[in-house]
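See structure below.
All residue numbers refer to positions in the sequence shown, counting from 1.
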Amino acid sequence: LPRISEDITYSMIGKGKFKKATPAQEGESGSAAVDSMDGYETILVEGKADANCKINYLKNAVDVRTLSGKDLLDYIEKFTSSINPLFAANLPVYCSPEFLKAYEKADYDIYGKYTGERVGNEVRFSKFRLIALESMYDSAIIFATPKANFVELVDLSAAGACINDVQKSNYKVKIFGEYSLSVGFPIAEAVFASVPAGYVPSEAVISDPTKYSDNWVNGGAEAAAVNDEGEGA
C-alpha cells in the first residue's frame, strides 16, 4: 500500500502518460504506473498542441527550472500580472517544490526579510500564493487555477483501501484490489499555464524516489570508479 501511494504521487497524477497495455501486460506482468493514466502535467503539455484546447498558455514560456534570482521573480510577476483579475482573488500558482525553494531564496536574497502581513510563499504585492505539489517534482511548468477547478476523481475504493481479497496457496500470496483514478480541469478557460516547448513530463519520472539526487553512491562505488580509471591504485 505505501508503494501504491508512491506510484500515484511520483508517477501517475502529475507526469503519467497513458499507454494501452499489451496482451502480455494484461496477463501476469502488468504495466508501469507511469503508463496507467494521463497526469495533469501531461494534460497541460498536450493541450498546448491542441487547437481546440481552451486552456490559457503564456506566450514565449520559459523552462522555470532555468530561472534564478531577479529573472525568476520577474517571470512570476509577468505570469501573475497577465492573469485576468477576475480570477486573482484566490488563485494558487502550482509549482514544483524545487521552484518554490528557488523563489523563496531569490525573494530573500534580493528583498531581504519581509516583515509585512503577507508572509511565506505568497507572491509580493499580489493575491497569489505559490503551492508546491510533490507530484510536480523537477517540473518545467507552473500553472494557476482555482482550487475547485483542479480535481481528482476516485472511483470504487480509494487507493489506500483498495484491497478486496487475499488468496494464499502454499508459499504464494495473491493480493487483489481495484480502483480508478483521474485528474483534470473541468473549466479549461480557468487554467493559466506556463508550458515551455520540449518538456515531456513522463520522461522526467524517477523510478526510485530515494535516488532523486546524483550526489550519492552506494558503498565502494566511488572507489571502484577511481580504480577503473587507473587512478589511486
I'd like to know if the side chain of [X] reaches the main chain of [Y], judged simply by a donor and an acceptor atom lying under 3.5 Å from each other, with no hydrogens or angles considered.
X    : Y    : value
N56  : E189 : yes
S36  : A33  : yes
Y103 : E98  : no
K15  : Y137 : yes
D63  : R65  : yes
S126 : V123 : yes
T42  : D38  : no

Membership question, hydrophobic clusters at under 4.5 Å side-chain separation (ILVMFWY): are [Y] and [X] in the same one?
X    : Y    : result
I163 : V173 : yes
Y40  : Y199 : yes
F99  : I110 : yes
Y94  : I187 : no

Original post:
From M37 CE over to I13 CD1, what is the distance, rounded to the nearest 0.5 angstrom?
Top reply: 7.0 Å
Original post:
Between S11 and D7, does any side-chain donor sit less than 3.5 Å from a side-chain acceptor?
Top reply: no
Original post:
Can you tell me if S194 and Y75 form a side-chain donor-acceptor pair at under 3.5 Å?
Top reply: yes
Original post:
Where do L44 and Y57 come nearest, in terms of heavy atoms and distance?
Top reply: O-OH, 2.7 Å
Do [X] and [Y] have side chains that get closer than 4.5 Å, going by heavy atoms?
X    : Y    : value
V151 : V183 : no
P146 : N149 : yes
C95  : V64  : no
L181 : M12  : yes

Original post:
Is the closest basic N to carboxylate O distance between D74 and K78 below 4.0 Å?
Top reply: no
Original post:
Just one of S202, S135, S139 clears the side-chain contact (heavy atoms from CB on, under 4.5 Å) bar with E41, so which one?
Top reply: S139
**OP:** Answer yes if the ring centres of F185 and F143 are under 6.0 angstrom apart, and no otherwise.
**Re:** yes
